[in-house]
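Structure, as structure tokens:
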Amino acid sequence: GASPLERLLPYRPVRRGDVLVFKFPEDPRRDFIKRTVALPGETVEIRDKVISVEGVRLDEPEVYHSDDRVWPDDPALPDSYRRRDQAHPFTVPPASYFALGDNRDNSYDSRFWGAVPAANPTDG
């Protein structure tokens, strides 16, 4: 039978724009909350803070940037700066999601540690 929680929160597949609560891949004791940007099999790219999925720029009204600077993809820069604002095309693996924080300039997310396995979302 369905749990009381399932009756209150009907299950549906994750969609782009959904907020995920999941176990942090590098420390499963911690829960992370990020927004789904790309789904399994989709290719995501970041150029100068602009996210494109399958070559189409995302409209993300909930996203904000606290830093006006745009770090270039320059090998002389530390990796953390480059990854924040630039990402080469990345295809999301099966049963995974590419998830980013809404506070884009201060979020530790899929840009740094890769896709979130579908098995990582918490049960509530």
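No experiment lies behind these values; they were computed from the predicted model shown. Side-chain atoms are counted along with the backbone in the values below, which use heavy atoms only and exclude waters and symmetry mates.
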Indicate yes or no: does D102 engage R35 in a salt bridge with an N to O separation below 4.0 Å.
yes
Rounded to the nearest 0.5 Å, what separates atom CG in L100 from atom CZ in R111?
5.5 Å
Salt bridge check: are D105 and R84 linked by an N-O gap of less than 4.0 Å?
yes
Using 30° and 60° as the class limits, which term best fits the ring planes of F32 and Y108: parallel, tilted or perpendicular?
perpendicular
Which residues satisfy the ring-ring contact (aromatic ring centres under 6.0 Å, His included) test with Y64, sequence neighbours excluded?
none
With distance as the sole test, does E42 use its side chain to make a donor-acceptor pair with the main-chain N or O of E54 at under 3.5 Å?
no
Is the backbone of G101 close enough, under 3.5 Å, to the side chain of D109 for a donor and an acceptor to pair up by distance?
yes
Any donor-acceptor pair under 3.5 Å linking the side-chain atoms of S107 with those of K34?
yes
Is the backbone N or O of R69 less than 3.5 Å from a side-chain atom of K49, with the two atoms forming a donor-acceptor pair by type?
yes
Indicate yes or no for a side-chain donor-acceptor contact from D85 to the backbone of W71 under 3.5 Å, with no hydrogens or angles considered.
yes
Distance-only, no hydrogens or angles: does the S110 side chain make a donor-acceptor pair with backbone N or O of F98 under 3.5 Å?
no
No-hydrogen, no-angle side-chain donor-acceptor test under 3.5 Å, H65 and N103
no
Look at the side chain of S80 and the backbone N and O of P78, then say whether any donor-acceptor pair between them is shorter than 3.5 Å.
no
